Amino acid sequence: MEIRFTLNGKPTAVDVPPDITLLRLLRDYLDMTGTKCGCEIGECGACSVILDGEVVNSCLVLAPQVEGRRVVTIEGIRGPDGGPNDLQEAFIEAGAIQCGFCTPGMVVAATVLLRKHGYPTREQIIEGISGNLCRCTGYQQIVEAIQMTVLRRGGLPEKEEHA
Amino acid sequence: MSIKHFDYVRASSCAEAVALLSDPTHISRPLAGGTDLMVLRHKGEVQWDRLVDISQVPEMRTIVQQGEAIVVGAAVTHAEIVEHPLIQRYLPLLADACHSIGSPQIRNRGTIGGNVANAAACADTLPALVCLDAVARIVTKDGEMAVPVKDVVVGPNRTSLPAASVIRDFVIPIPPAQARMAFFKIGRRQVQSISRLSLACLGWLDADGRVAEVRIVPGACTPQTQRFDQAEAVMLGQVPTEELVRKAGQAGAVQMIAITGRRWSTPYKELALPALIERALRKVFGLPEVR
Ligand code: FES
Ligand code: FES
């Protein structure tokens, strides 16, 4: 069946079987492999995308469910010059990327978190990426990368914020 | 039997969903957030040849106040419940229960109707809905029916929902202004985790400081989510004290074992349940927290 939706700001139409997931639509039918395929049962977050402004596991969305809706993938998250944005730079700087498998999902989740909370607290950051598993970094550097972005975007360090 | 491929159709109203689900030429299942169905699909346990998408049916997507009740559409997501001002104001217990579910990704997809209709033993909204006396309004081929949530889920993964029906919404009476409520949960995401246990509690005092109403509903504890009336009986009509909440906790453990018998998780739960009951009662009746 033909599915029409907005993908990273562009109107997109794609003909797929009705029983595949959004994850498979992106990877197998549009060759957009930035979205990673991990567990396919909603537990690892590697497949995270933004659906109408909310972070979701694309492995739990049936492809036809996105008909008429807006999807943003990691390919749609970048700086004005097309390179990495400040959040992505911070991931590199903080050493938040090792094997990199979880990174697209982490960046997607963090992007929504930053948009929703503006200047999230450490606790909100941890909660915001709680659906994303990382087997390499131990999360510390990932939380730091997000905190770094918060600071650079004008947020105050947490202690002062609560003072 | 597992089916290899299946079809998809999107319903635009409850009536259309029920008509599609009753179409004898298909084996249909309703699809909402997909957090359960898509897992079955991945495991190859496809027992349908068509999914009827009810996740965007307008009348199932709203939260509104109707008189003395809040009506929550069955296709409202957990995240939407957590963030909704009417829920935060009148039903914080439900907001806490929905917040305790999964991850942001799961809360953004999973729906309250799906949580009830799939009746997982660990469905976290169940104890909250039972505690709040929620009534499910169900649309069937033959019309509409209203069933208390406690009677919808009859056991793990078993409901009393008629074939080809959909839950349209939940009618949740607004508790009186003096009511206090609490939701606590222990144990993490894993469905099989021995430590999974939750508790919804609600109550209020009369003018003399005695317990006028108390509802104690453990989750992931008994096959059918229910009020623990023996624990409630300990509190009812009494002035809440440390001694009393401890007794209520013990009565809760006794009642659990009476219902489930002794099983592998009992040694853990007979310690954990009283602790959860005590903690919730302390919060609801304003006793100081211990530890
Ligand atoms: S691949 Fe979707 S959550 Fe793991
Ligand atoms: S960097 Fe390897 S899984 Fe996170």
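Predicted model only: the values in this text are computed from it and were never measured. Lettering of chains follows the sequences in order, A, B, ..., and the numbering in each one begins at 1.
- Heavy-atom minimum distance, A:Lys116 versus B:Glu83: NZ-OE2, 3.8 Å.
- Residues B:His99 and A:Glu127 form a side-chain contact, since some pair of their non-hydrogen atoms from C-beta on lies under 4.5 Å apart.
- Of the atoms belonging to A:Arg69, it is side-chain heavy atoms, and not backbone ones, that fall under 4.5 Å from chain B.
- Contact between A:Asn132 and B:Gln105 at its shortest, heavy atoms only, is OD1-NE2, 2.9 Å.
- Side-chain contact between A:Asn57 and B:Thr35 is absent, with no heavy-atom pair separated by less than 4.5 Å.
- Put simply, the side chain of A:Ile3 does not reach to within 4.5 Å of the side chain of B:Tyr8, judged on heavy atoms.
- For A:Leu113, no part sits under 4.5 Å from any heavy atom of chain B, backbone or side chain.
- A salt bridge is absent between A:Glu40 and B:Arg41: the closest approach of a Lys/Arg side-chain nitrogen to an acidic carboxylate oxygen does not fall below 4.0 angstrom.
- In this structure, the side chain of B:Asn108 engages the main chain of A:Val55 through a donor-acceptor pair within 3.5 Å.
- In this structure, the side chains of B:Ile106 and A:Val56 stay at 4.5 Å or more apart for every pair of heavy atoms.
- Contact annotation for B:His5: both backbone and side-chain heavy atoms come within less than 4.5 Å of a heavy atom of chain A.
- Between the side chain of B:Arg10 and the backbone N or O of A:Gln65 there is at least one donor-acceptor pair closer than 3.5 Å.
- Across all non-hydrogen atoms, the minimal contact from A:Val61 to B:Arg109 is CG2-NE, 3.6 Å.
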